[in-house]
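Basis for what follows: all heavy atoms, side chains included, without hydrogens, waters or symmetry-related copies. All residue numbers refer to positions in the sequence shown, counting from 1. Counting starts at 1 for both ligands and their atoms, following the listed order.
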Amino acid sequence: MPEPKCYDLSDLRDWREPSLRYAVLGDPVAHSASPAMHNAALEALGLPERYCRLWIRPDQLPEAVQLLPKAGFRGVNLTIPHKMEVLPLIDRIDPAAEKLGAVNTLVFQGNEVIGYNTDGPGIVRAIHEEFGVEVKKQRILILGAGGGAGRAIAAQCALEGSPKIVLSNRSLEKIEPLATRLGPKAIAIPYSQDALAEHLPAVDLVINATSVGMRPGEDSPIPTHLLEPRLLIYDTIYAGLVTPLQIAATQSGARSANGLSLLLHQGALSLEIWLGRTAPIEIMRQGLLEFVSGKRPASK
Ligand code: NAP
């Protein structure tokens with residue numbers, strides 16, 4: 001078994017790793033935790049295939065999507081910045097992914113490349129697991145609703161039937177058309193302290209889908225004084241065990257969770273699409289926890 005590492009387009013052009021049949025494509029991707037959970041699952045299921053990281057830059061995506069099935073890949077995940085850019089490159093899109101406007105999972109089937117989105121259903125499962133509530137009953141504020149993850153989450157909340165969806169984004173022009181598309185329950189607001197102070201009292205759940213808090217030393221995307229103990233705070237970021245938004249939530253007395261549960265559930269759903277069988281979710285969770293706590297080497 002070759003040691004999983006970070007491969008790139010030049011490796012894909014001359015693929016020499018027959019056991020590596022699944023991957024995550026991104027830029028950057030070197031520190032992705034996805035191999036840890038997928039390889040733990042494949043190993044536990046007694047399957048010989050493994051999952052690796054592929055560093056693919058935006059201009060390389062069309063060639064990579066053509067090469068992957070020829071190299072023997074059965075499926076891949078897509079992360080920053082490929083989830084929307086891949087849309088013109090696929091032959092078929094799952095109807096649910098089409099509604100979310102982004103694809104994070106590809107399946108190579110015969111001559112076809114098929115796109116799915118497991119981030120949307122993944123967030124519903126993650127919120128239920130973390131807080132014991134249903135997205136469809138929550139009034140929700142989504143920070144960073146103009147990004148790839150934020151748009152998919154917002155569209156999923158609308159599909160679920162959430163009674164109120166407040167979209168917030170630094171670049172307001174990106175979310176105004178989205179709010180119109182999602183219907184009367186959605187409104188677009190600026191990413192400013194004044195706007196957040198006005199709208200936070202009328203929501204139950206806050207989801208951070210910005211990248212604010214990912215890099216060491218960054219502040220919380222919402223200051224502590226705007227948060228209340230009754231709020232549920234979900235940060236899609238999973239870098240570090242506790243994110244700056246979670247620290248702010250704790251200081252205000254609010255419950256919070258980081259994005260590991262989203263990573264886990266979207267990953268389990270992708271694996272089920274590829275394998276057509278139930279994913280061993282507790283083994284995947286264990287693989288992830290070992291990775292983030294440093295017990296599983298970054299190369300695995
Ligand atoms: P993206 O498409 O690049 O979107 C980034 C978002 O962050 C945009 O809304 C952007 O606003 C906002 N943003 C960036 N810097 C900002 C700043 N300084 N102030 C305010 N807003 C800022 O990225 P993505 O793929 O959606 O990922 C976004 C986050 O979700 C990342 O932290 C990622 O780790 C997380 N995520 C986690 C999972 C998981 O499994 N847990 C899955 C997917 C994504 P503008 O539109 O104004 O630029």
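Contact atoms of ligand 1 toward Gly144: 9 (O) (distance under 4.0 Å to a heavy atom of the residue). In the vicinity of Ser211, heavy-atom distances shorter than 4.0 Å reach the ligand 1 atoms 7 (O), 14 (C), 15 (N), 32 (O). Taking a cut-off of under 4.0 Å to the non-hydrogen atoms of Gly259, the atoms of ligand 1 that pass are 39 (C), 41 (N).
Of all the heavy atoms of Asn169, the ones lying under 4.0 Å from any atom of ligand 1 belong exclusively to the side chain.
When only non-hydrogen protein atoms are considered, atom 36 (N) of ligand 1 lies nearest to Thr236 OG1, 3.8 Å. Ile80 CD1, 3.8 Å is the protein heavy atom nearest to atom 27 (O) of ligand 1. Ranking the protein heavy atoms by distance from atom 10 (C) of ligand 1 puts Arg170 NH2, 4.2 Å first. Looking only at protein heavy atoms, the nearest one to atom 4 (O) of ligand 1 is Gly147 CA, 3.4 Å. What sits closest to atom 19 (N) of ligand 1 on the protein, heavy atoms only, is Val212 CG2, 3.5 Å. Remark: minimum distance from atom 38 (C) of ligand 1 to any protein heavy atom is reached at Leu262 CD2, 3.8 Å. Nearest protein heavy-atom neighbour of atom 12 (C) of ligand 1: Thr210 CB, 3.9 Å. Closest to atom 20 (C) of ligand 1 among all protein heavy atoms lies Tyr191 CE2, 3.3 Å.
Side-chain atoms of Ser171 never come within 3.5 Å of backbone atoms of Lys174 as a donor-acceptor pair (strictly under, hydrogens ignored). Using a distance-only test at 3.5 Å, with no hydrogens or angles considered, a donor-acceptor pair links the side chain of Arg53 to the main chain of Ala30. Without hydrogens or angle criteria, Ser211 side chain to Met214 main chain gives no donor-acceptor distance under 3.5 Å. Side-chain atoms of Arg230 come within 3.5 Å of backbone N or O of Pro201 as a donor-acceptor pair.
Side-chain contact annotation: Thr210 with Asn208, donor-acceptor N/O pair under 3.5 Å present.
Residue Arg125 places its CZ atom among 12 or fewer non-hydrogen atoms of other residues, nucleotides or ligands, all under 6.0 Å distant.
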Derivation and outcome, ring-ring contact (aromatic ring centres under 6.0 Å, His included), residues Trp274 and Tyr22: CA-CA 9 Å; Trp274 295 326; Tyr22 303 98; 5.0 Å; yes
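Judged by the shortest distance from any of its heavy atoms, Met84 lies outside the 4.0 Å radius around the atoms of ligand 1.
Inclusion of Asp119 in the set of residues having an N or O under 3.5 Å from an N or O of ligand 1 is not warranted. For a threshold of 3.5 Å applied to N or O pairs, the pair formed by Lys174 and ligand 1 contains at least one separation below that value. Here's the thing with Tyr238: none of its N/O atoms is less than 3.5 angstrom from an N/O atom of ligand 1. For ligand 1, none of its N or O atoms has an N or O atom of Ala145 under 3.5 Å away.
One distance of note links NZ of Lys83 with CG of Leu25; it measures 12.5 Å at 0.5 Å rounding. Atom CG in Asn77 sits 8.5 Å away from atom CG in Leu106 (nearest 0.5 Å). The distance from atom CD of Gln109 to atom CG of Asp91, rounded to the nearest 0.5 Å, is 11.0 Å.
Between Tyr51 and His38, the ring planes lie parallel to each other; the angle is under 30°, not in the 30° to 60° tilted range.
Closest heavy-atom approach to atom 34 (O) of ligand 1 within the set Met214, Arg151, Lys83: this belongs to Met214. Between the choices Ala149, Gly146, Ala209, the shortest heavy-atom distance to atom 29 (C) of ligand 1 belongs to Ala209. Among Asn104, Leu143, Leu263, Leu260, the residue whose heavy atom lies nearest to atom 40 (O) of ligand 1 is Leu263.
Side-chain contact between Leu61 and Pro58 is absent, with no heavy atoms from C-beta onward closer than 4.5 Å.
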